[in-house]
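Here's the structure we're looking at; comments come further down.
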Amino acid sequence: MKNTIAICPGSFDPVTVGHLDIIKRAAGMFNKVIVVVMTNASKHPKFTAEERVRMISIAAADIPNVTVESYDGLLADYAALKGAGAIVKGLRAMSDFEYEFQMALTNKKLNPNVETVFLTTNVEYMYLSSSMVKEIASMGADISDFVPEQIHDIIVERLTSERK
């Protein structure tokens with residue numbers, strides 16, 4: 001697997017330490033990892049795709065084989081466009097698995113050349129989600145333990161300014 005390009009897709013609104021953990025672990029498994037900020041029509045992001053790409057780029061700057069992009073289309077098409085052999089998804093709970101398993105089968109049908117690799121989250125991040133981070137920050141509470149230190153202030157500034 002080490003010679004394969006992998007994609008870590010997500011909405012990353014905002015990126016959390018849990019996301020970053022999955023990205024780092026994927027970077028140890030593959031020669032190149034492309035973190036791709038995807039558009040999810042059912043979500044209403046607080047940060048633009050460009051802002052999310054910038055935040056992930058800052059947070060992952062010390063991981064040499066990681067690049068960050070955005071894409072507004074089907075993940076299977078993006079994987080084909082980039083020549084990726086793997087899609088890496090983090091799983092927190094059984095509910096994640098059911099949804100991600102369905103997506104993996106769909107992506108495999110649309111692009112038979114791509115495999116989905118599931119990485120289970122570290123126990124310390126099982127509860128963590130971008131939604132939870134947004135809610136805590138919007139109430140003015142400390143999110144230092146939940147987001148990468150390098151982008152903490154960017155996230156807090158945006159999410160607390162909406163509160164005023």
Side-chain angles (χ1 to χ4, degrees), residues 4-27 29-61 63-92 95-119 121 125 128-135 137-138 143 146-148 150-159 161-162:
T4 305
I5 297 169
I7 296 171
C8 280
S11 54
F12 305 107
D13 186 47
V15 66
T16 68
V17 291
H19 292 130
L20 194 57
D21 177 63
I22 295 293
I23 293 165
K24 286 178 180 176
R25 290 165 54 203
M29 297 170 66
F30 299 95
N31 279 352
K32 181 177 182 179
V33 173
I34 305 168
V35 178
V36 61
V37 174
M38 301 291 294
T39 301
N40 184 334
S42 66
K43 293 184 179 181
H44 306 287
K46 297 282 187 184
F47 298 90
T48 67
E50 294 77 21
E51 289 170 324
R52 289 177 275 156
V53 166
R54 187 168 74 81
M55 286 190 291
I56 299 165
S57 296
I58 292 167
I63 313 170
N65 60 330
V66 169
T67 60
V68 186
E69 300 179 1
S70 65
Y71 188 70
D72 186 19
L74 291 173
L75 180 56
D77 292 343
Y78 183 79
L81 181 71
K82 296 296 179 174
I87 295 168
V88 177
K89 298 294 293 189
L91 298 177
R92 292 172 296 195
S95 57
D96 284 348
F97 176 77
E98 292 171 10
Y99 173 78
E100 295 299 348
F101 184 69
Q102 182 179 23
M103 294 305 301
L105 293 174
T106 302
N107 285 325
K108 187 69 171 170
K109 183 71 173 174
L110 294 171
N111 179 350
N113 297 317
V114 70
E115 297 292 341
T116 299
V117 176
F118 296 115
L119 296 180
T121 190
Y125 306 127
L128 188 55
S129 70
S130 294
S131 299
M132 189 234 5
V133 168
K134 288 184 281 197
E135 185 171 344
S138 71
I143 59 167
F146 310 133
V147 299
Q150 311 91 310
I151 60 170
H152 172 272
D153 294 347
I154 297 168
I155 295 168
V156 169
E157 183 178 319
R158 169 63 58 79
L159 297 177
S161 70
E162 292 182 358

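Residues: numbered from 1 along the sequence shown. Remember, it's a predicted structure, so these values are computed and weren't measured experimentally.
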- request: Show your working on side-chain contact (heavy atoms from CB on, under 4.5 Å) between Phe47 and Leu159 and close with a plain yes or no.
  value: CA-CA 9 Å; Phe47 298 90; Leu159 297 177; 4.2 Å; yes

- prompt: Between atom CD1 of Ile5 and atom CG of Asn65, what is the distance when rounded to the nearest 0.5 Å?
  reply: 11.0 Å

field: Nearest-0.5 Å distance that lies between atom CE in Met103 and atom NZ in Lys108
entry: 15.0 Å

- line: Looking only at heavy atoms, the pair that brings Ala80 and Asn111 closest together is N-ND2, 3.4 Å

field: Student check: side-chain heavy atoms of Ile154 and Arg54 closer than 4.5 Å
entry: yes

- prompt: Do Thr16 and Met132 pass the side-chain contact (heavy atoms from CB on, under 4.5 Å) test, and can you show the C-alpha distance, the side-chain angles, and the key distance before you say yes or no?
  reply: CA-CA 10 Å; Thr16 68; Met132 189 234 5; over 6 Å; no

query: When rounded to the nearest 0.5 angstrom, what distance separates OH in Tyr99 from NZ in Lys89?
result: 7.0 Å

task: Among Lys134, Lys46, Glu51, find the one that has a side-chain contact (heavy atoms from CB on, under 4.5 Å) with Pro14.
output: Lys134

field: Taking every non-hydrogen atom, the tightest pair across Val114 and Ala84
entry: CG2-O, 4.0 Å

message: Nearest 0.5 angstrom please: Leu75 CG to Asn107 CG, how far?
response: 4.5 Å

task: Would you mind reporting whether Ile34 and Val68 have side-chain heavy atoms less than 4.5 Å apart?
output: no

- request: Would you name the heavy atoms of Val37 and Arg52 that are closest together and state the gap between them?
  value: CG1-NH1, 3.5 Å

query: With a 4.5 Å limit on heavy-atom distance, are the side chains of Thr4 and Asn31 in contact?
result: no

query: With side chains defined as the heavy atoms from C-beta onward, is the minimum distance between Val66 and Val35 less than 4.5 Å?
result: yes

Any side-chain donor near an acceptor of the partner, Asp13 and Ser130, under 3.5 Å: no

message: Heavy-atom count check: over 12 atoms from other residues, nucleotides or ligands less than 6.0 Å from Phe118 CZ?
response: yes

message: Can you confirm whether Arg92 sits close enough to Ser129 that some side-chain heavy atom of one is under 4.5 Å from a side-chain heavy atom of the other?
response: yes

Compile the donor-acceptor pairs under 3.5 Å between side chains in residues 20-27 and protein atoms, sequence neighbours left out, one pair per line.
residue: Asp21; atom: OD1; partner: Asn122; partner atom: ND2; Å: 3.1
residue: Asp21; atom: OD2; partner: Arg25; partner atom: NH1; Å: 3.1
residue: Asp21; atom: OD2; partner: Asn122; partner atom: ND2; Å: 2.8
residue: Arg25; atom: NH1; partner: Thr120; partner atom: O; Å: 3.0
residue: Arg25; atom: NH2; partner: Thr120; partner atom: O; Å: 3.0

field: Close side-chain approach of Leu91 to Glu100, heavy-atom, < 4.5 Å
entry: yes

task: Find the distance between OH (Tyr71) and CD1 (Ile7) and round it off to the nearest 0.5 Å.
output: 9.5 Å

query: What closest approach, in Å, do Ile155 and Val15 show between heavy atoms, and which atom pair accounts for it?
result: CD1-O, 4.2 Å

field: Gap separating the CE atom of Met55 from the CZ atom of Phe12, nearest 0.5 angstrom
entry: 11.0 Å

field: Sub-4.5 Å side-chain heavy-atom contact between Leu128 and Phe146
entry: yes

query: side chain to side chain donor-acceptor pair (under 3.5 Å): which pairs involve residues 75-87, sequence neighbours left out?
result: Glu69-Tyr78, Glu69-Lys82

